[in-house]
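Read the structure below first, then the notes.
Because the structure is a prediction, the values reported are computed rather than measured. The figures here come from the full heavy-atom set of this structure, side chains too, leaving out hydrogens, waters and symmetry mates. Letters go in sequence order (proteins before strands), and every chain restarts at 1.
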Amino acid sequence: MNEQEKIYQVIASIPKGRLCSYGEVAKLAGLPGRARWVGRTLSQLPSDSRLPWFRVISAQGKISFPAHSAAYQRQLALLIAEGSAEPSGKIHWRQYRWPS
DNA sequence: CTCCTGACTCCAC
DNA sequence: TGTGGAGCCAGGA
């Protein structure tokens with residue numbers, strides 16, 4: 001399994017209603033300190049992917065896209081759909097715990 | 001090889 | 001609370 005697949009696996013395991021930061025995903029995938037790598041990997045994600053990429057946010061509890069951008073609104077809408085955010089943009093960060 | 005870039009983080013002010 | 005800068009590291013030019 002390559003690094004990209006590990007990252008996909010971790011993200012795929014995040015339950016609906018739970019969120020995880022890029023840094024946490026990296027750590028859980030066995031790639032500590034490589035949050036940027038996770039971000040880059042997601043940026044390369046095919047548009048038709050089923051991966052819940054929108055459950056990954058920054059460590060500051062915010063969406064990592066410029067506010068008002070189309071990408072930002074797309075992610076916010078998906079989070080609102082599962083109760084992880086409000087239309088106002090406020091995020092309800094229910095931290096995902098990796099099964100230990 | 002060097003330089004720049006980025007869906008990131010931390011820490012100091 | 002906000003901002004700024006340094007650290008981070010694989011890719012691409």
Looking only at the side chains, is there a donor atom on one of A:Ser64 and A:Tyr72 sitting less than 3.5 Å from an acceptor on the other? no
Going by atom types alone, do A:Glu86 and A:His92 pair a side-chain donor with an acceptor below 3.5 Å? yes
I need the OH-P distance between A:Tyr22 and C:dA10, as an integer number of Å. 19 Å
From CG of A:Leu31 over to P of B:dT9, roughly how many Å is that when rounded to an integer? 14 Å
Which part of the nucleic acid does A:Ser43 contact within heavy-atom distance under 4.0 Å: base, sugar-phosphate only, or nothing? base
Measuring from the side chain of A:Trp37 (C-beta onward, heavy atoms only), which nucleotide among B:dA7, B:dC8, C:dA10 has the closest atom? C:dA10
Minimal heavy-atom distance between A:Pro87 and A:Ile80, with the atoms involved, is CA-CD1, 3.5 Å
For A:Ser21, which contact category applies under a 4.0 Å heavy-atom criterion: base, sugar-phosphate, or nothing? sugar-phosphate
Nearest heavy-atom neighbours spanning A:Leu19 and A:Trp93: O-NE1, 3.3 Å
In whole Å, I'd like the distance from the CZ atom of A:Arg36 to the C1' atom of B:dT5. 8 Å
In whole Å, I'd like the distance from the CG atom of A:Leu42 to the C1' atom of C:dA10. 15 Å
Counting side-chain heavy atoms from CB outward, which of C:dC9, B:dA7, B:dT9 is closest to A:Ser58? B:dT9
Encoded 5' to 3' (Watson-Crick or G-U under 3.5 Å; [ ] crossing; | other strand), DNA chain B becomes .|||||.||||||
Closest to side chain of A:Arg40, choosing from B:dT9, C:dG12, B:dA7: C:dG12
So, A:Glu24 and A:Lys27, do they make that salt bridge, N to O below 4.0 Å? yes
Nearest to the side chain of A:Arg34, which nucleotide is it out of B:dA7, C:dC9, C:dG12? C:dC9
What's the NZ-C1' distance between A:Lys62 and C:dG2, to the nearest Å? 9 Å
Tell me the closest heavy-atom pair linking A:Ala35 and A:Ala26, and the distance in Å. N-CB, 4.0 Å
Quick one, A:Leu28 with A:Ile7, criterion side-chain contact (heavy atoms from CB on, under 4.5 Å). Give me CA distance, side-chain angles, the key distance, then yes/no. CA-CA 8 Å; A:Leu28 296 175; A:Ile7 291 172; over 6 Å; no
Within this structure, what is the CD1-to-P distance between A:Ile57 and B:dC8, rounded to whole angstrom? 12 Å
Here the distance between atom P of B:dA7 and atom CD1 of A:Ile91, to the nearest Å, is 18 Å
Calculate the interatomic distance between A:Arg74 atom CZ and B:dA7 atom C1'; express it in whole Å. 11 Å
